[in-house]
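Computed from a prediction, not measured in an experiment: that's the story for all the values here. In what follows, every chain begins at residue 1, and chains take the letters A, B, ... in the order their sequences are listed.
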Amino acid sequence: MFELTEPLKMLEQALRPYCEKELSAKVEPLEKGEVAVLDIMRDFDRAFGINAMVSGALHEMIERKCRREREGIEEKGSLQEVLAGEVGEAMDPLLIFIVMKELCRVSPSFALSLGAHIGLCGQTILAKGTSDQIENYALPLFSFEKLGCWALTEPESGSDAFALSTTAVPDGDFYVLNGSKTFITNAPCADIFVVYAKIDREDSKADKRMIHPFVLERDNEGLSVGKPMHKMGMRGSPTGQIFLSDARVHRDQLLGKREKTSRSQAQETLTSEREENAAMAWGIIERCLEESIKYAVERKQFGMRLIEFQLIQEKIARMYVHLENVRNLAFKQAWAMREGRSNILDACAAKFYAAAAAVEVGMEAIQLMGGYGYIEEQQVERLTRDAKLLMIGGGTSEIQLLNIAKELVRDKGLSLSLTGGLRN
Amino acid sequence: MNMVVCVKRVPDTSESEVHIDGSGKGIDTSRLSFGINECDNYAVEEAIQKKEALGGNVTVISLGDKQSDEVIRMALAKGGDDAIRLEDEAFAGSDAVAVAKALAAAVKDVEWDIVFTGALTDDDGYAAVPVALGEILGVPFATYVKKLEVMDDGKKVKVGRELEGGLMEMVEMTTPCVLGIQTGINEPRYASFKGIKQAARKEITIKSASDLGLDASDCGEAGSWAALEQFTPPVVGEMAEILEGEPDETAGKLAGILKEKGLV
């Protein structure tokens with residue numbers, strides 16, 4: 001596990017020149033909003049044939065689901081188990097990590113948007129959707145015909161994500177959705193929206209209302225989106241709000257088409273998002289370290305190369321320690337995901353450490369380069385701004401710590417609340 | 001139409017300082033990254049494009065140790081069908097002619113209409129392998145090929161050779177032939193995810209000098225026309241002035257010199 005397999009090494013070797021040449025040339029227009037993120041995804045697909053790789057398997061998956069639906073067999077299991085076969089192979093965690101890492105060396109923004117499109121939106125539909133939902137909504141995502149987003153966070157429920165207040169009121173064959181979502185990656189440009197809402201039946205008590213994912217399209221009546229938000233970093237990834245105002249959604253758009261408890265599914269998706277953060281941090285740290293070494297070797301002050309100063313050596317050495325740790329965490333996370341042994345404790349610990357390490361390494365890279373590090377021409381400035389999101393998105397670093405503590409005492413019979421104190 | 005494409009794994013020296021090793025006959029490669037020779041990358045693409053257009057088979061051949069498998073596999077991932085790697089201690093010290101002898105021996109067991117090579121390699125830069133290979137095989141050859149059109153059901157090819165000043169020399173020749181491909185003839189693709197997965201499962205046939213029917217006199221220094229004496233760094237001579245200092249300082253000095261000589 002500590003060495004990449006031959007195909008993964010080749011993948012890394014194939015991705016590197018693409019990212020350095022093609023993606024790198026699009027970073028500035030992407031950051032300025034002059035080019036659509038979906039167009040870059042299409043270019044990425046043309047280069048590496050993502051759709052060609054998964055489309056056959058996706059159609060097989062649809063047929064399999066179709067048969068099971070006819071026979072009334074319910075599909076159970078984790079995301080990875082459901083995505084078995086060729087799709088599962090294409091969704092191999094370490095493969096995804098290598099892709100995310102390589103993309104993040106150049107454009108964490110693009111990686112973030114691609115992750116939301118395929119990882120959050122696409123995978124949720126594949127894992128929980130019915131055969132026709134997969135055909136109607138997931139296929140256009142994997143063919144990069146349409147852009148997807150995954151909407152859980154609301155203005156009043158960020159860290160406390162499951163306290164969401166968006167409601168879905170049944171009305172015959174329809175549900176009427178009301179509420180709003182915020183900080184949603186890809187939302188301003190998305191075509192397909194996976195939106196979580198609480199089903200509000202007249203007879204159900206407020207605390208018993210189940211959270212369900214619905215799939216909406218951009219032209220859905222009552223759905224509108226805000227403009228892209230101006231952010232500190234990840235500027236190449238459009239982020240925005242979604243407004244649902246009496247949005248009528250047919251029951252065929254309820255993901256899975258059956259009302260059931262889906263908190264675990266959203267939790268599972270969140271866990272996988274947390275795990276991917278280690279891969280994103282890996283890419284950012286690796287690039288910042290490389291840029292720092294290059295600069296420290298070339299730049300001379302007081303007649304010496306910067307690298308000859310021990311304070312610079314310390315910075316570089318510390319960066320490497322972070323790189324090594326984050327890379328190992330990513331390997332461990334990928335292994336756990338492959339083996340179906342993912343758990344909240346390790347996912348939160350990895351995300352907490354990797355995010356902090358990426359920000360620290362980025363800041364140190366800027367410091368090492370001084371004035372040159374502070375200007376946009378050096379990539380480290382942008383990468384560091386991008387890195388900061390890793391401490392916020394997919395659960396803040398503080399929430400990761402609370403989750404870690406909560407998990408650590410679970411076997412002591414204690415149930416820690418995230419708001420402090422004990423429940424029992 | 002069947003094709004052979006010869007590829008070489010070379011160090012990427014574009015962004016790294018190159019140091020001569022202790023023997024004086026090589027460079028210190030311990031800190032260099034390696035990849036496919038740039039011209040060979042275009043040769044691979046050209047072979048695959050022709051296969052896609054006309055059908056047939058692409059065999060990838062490389063002379064080198066196990067590490068050369070990475071460039072072979074990448075060529076397979078892009079669309080190559082079979083692969084042969086020539087490995088033998090006897091090949092050490094081969095010049096372009098000895099390399100061509102080994103390649104010529106290897107293609108004898110393969111059905112082919114065109115052998116593609118890069119026009120030259122990024123490391124040695126002799127640009128002699130395609131020429132020597134064509135001579136040894138006794139077939140027409142062309143180098144610096146930047147255009148290729150297959151005619152008469154593959155019996156003939158029309159090639160454009162890039163000459164100085166952007167001139168294009170158009171040559172017609174019969175097949176089988178050897179073509180040394182120049183960069184820019186096409187736009188090399190990236191290996192697809194699916195191609196990478198498939199390439200990992202493909203077998204690379206390893207052949208030694210004896211497998212190829214070569215004896216010691218054909219290989220390495222014995223089989224070469226030229227022997228490498230030693231590498232030397234550029235010597236600071238009377239006609240050369242090395243500018244020392246920070247980039248802004250040296251840029252200023254350079255601008256001054258150019259102005260003084262009336263060149264700007």
Please set out all donor-acceptor pairs under 3.5 angstrom arising from side-chain atoms of residues 367-377 of chain A, sequence neighbours excluded.
none

Check your understanding: Could you give the distance from CG (A:Asn51) to CZ (B:Phe193), rounded to the nearest 0.5 Å?
Key -> 12.5 Å
**Study point:** Portion of A:Ala47 that has a non-hydrogen atom of chain B nearer than 4.5 angstrom
**Key:** both
Check your understanding: Could you name the residues of residues 6-13 of chain A that have a heavy atom within less than 4.5 Å of a heavy atom in chain B?
Key -> A:Glu6, A:Pro7, A:Met10, A:Leu11, A:Gln13
Point to revise | Heavy atoms from other residues, nucleotides or ligands near CZ of A:Arg318 exceed 12 (cutoff 6.0 Å) | key: no
Compile the donor-acceptor pairs under 3.5 Å between side chains in residues 68-83 of chain B and protein atoms, sequence neighbours left out, one pair per line.
from    : atom 1 : to       : atom 2 : distance (Å)
B:Ser68 : OG     : B:Asp65  : O      : 3.4
B:Asp69 : OD1    : B:Arg85  : NE     : 2.6
B:Asp69 : OD2    : B:Lys66  : NZ     : 3.2
B:Arg73 : NH1    : B:Ala199 : O      : 2.9
B:Arg73 : NH1    : B:Lys202 : O      : 2.8
B:Lys78 : NZ     : B:Asn41  : OD1    : 2.8
B:Lys78 : NZ     : B:Arg189 : O      : 3.2
B:Asp81 : OD1    : B:Lys51  : NZ     : 3.1
B:Asp81 : OD2    : B:Lys51  : NZ     : 3.3
B:Asp81 : OD2    : B:Val58  : N      : 2.7
B:Asp82 : OD2    : B:Asn57  : ND2    : 2.8

Revision key, fill the gap. Against chain B, residues from residues 17-28 of chain A with at least one heavy atom under 4.5 Å, in numeric order, are A:Pro17, A:Tyr18, A:Lys21, A:Glu22
Exercise for review: Can you establish whether the number of heavy atoms outside B:Tyr126 located under 6.0 Å from its atom OH is more than 12?
Suggested key: no
Review point. Is the CD atom of B:Glu111 crowded by more than 12 outside heavy atoms at less than 6.0 Å?
Key: no
Exercise for review: Determine whether more than 12 heavy atoms belonging to other residues, nucleotides or ligands lie under 6.0 Å from atom NZ of B:Lys147.
Suggested key: no
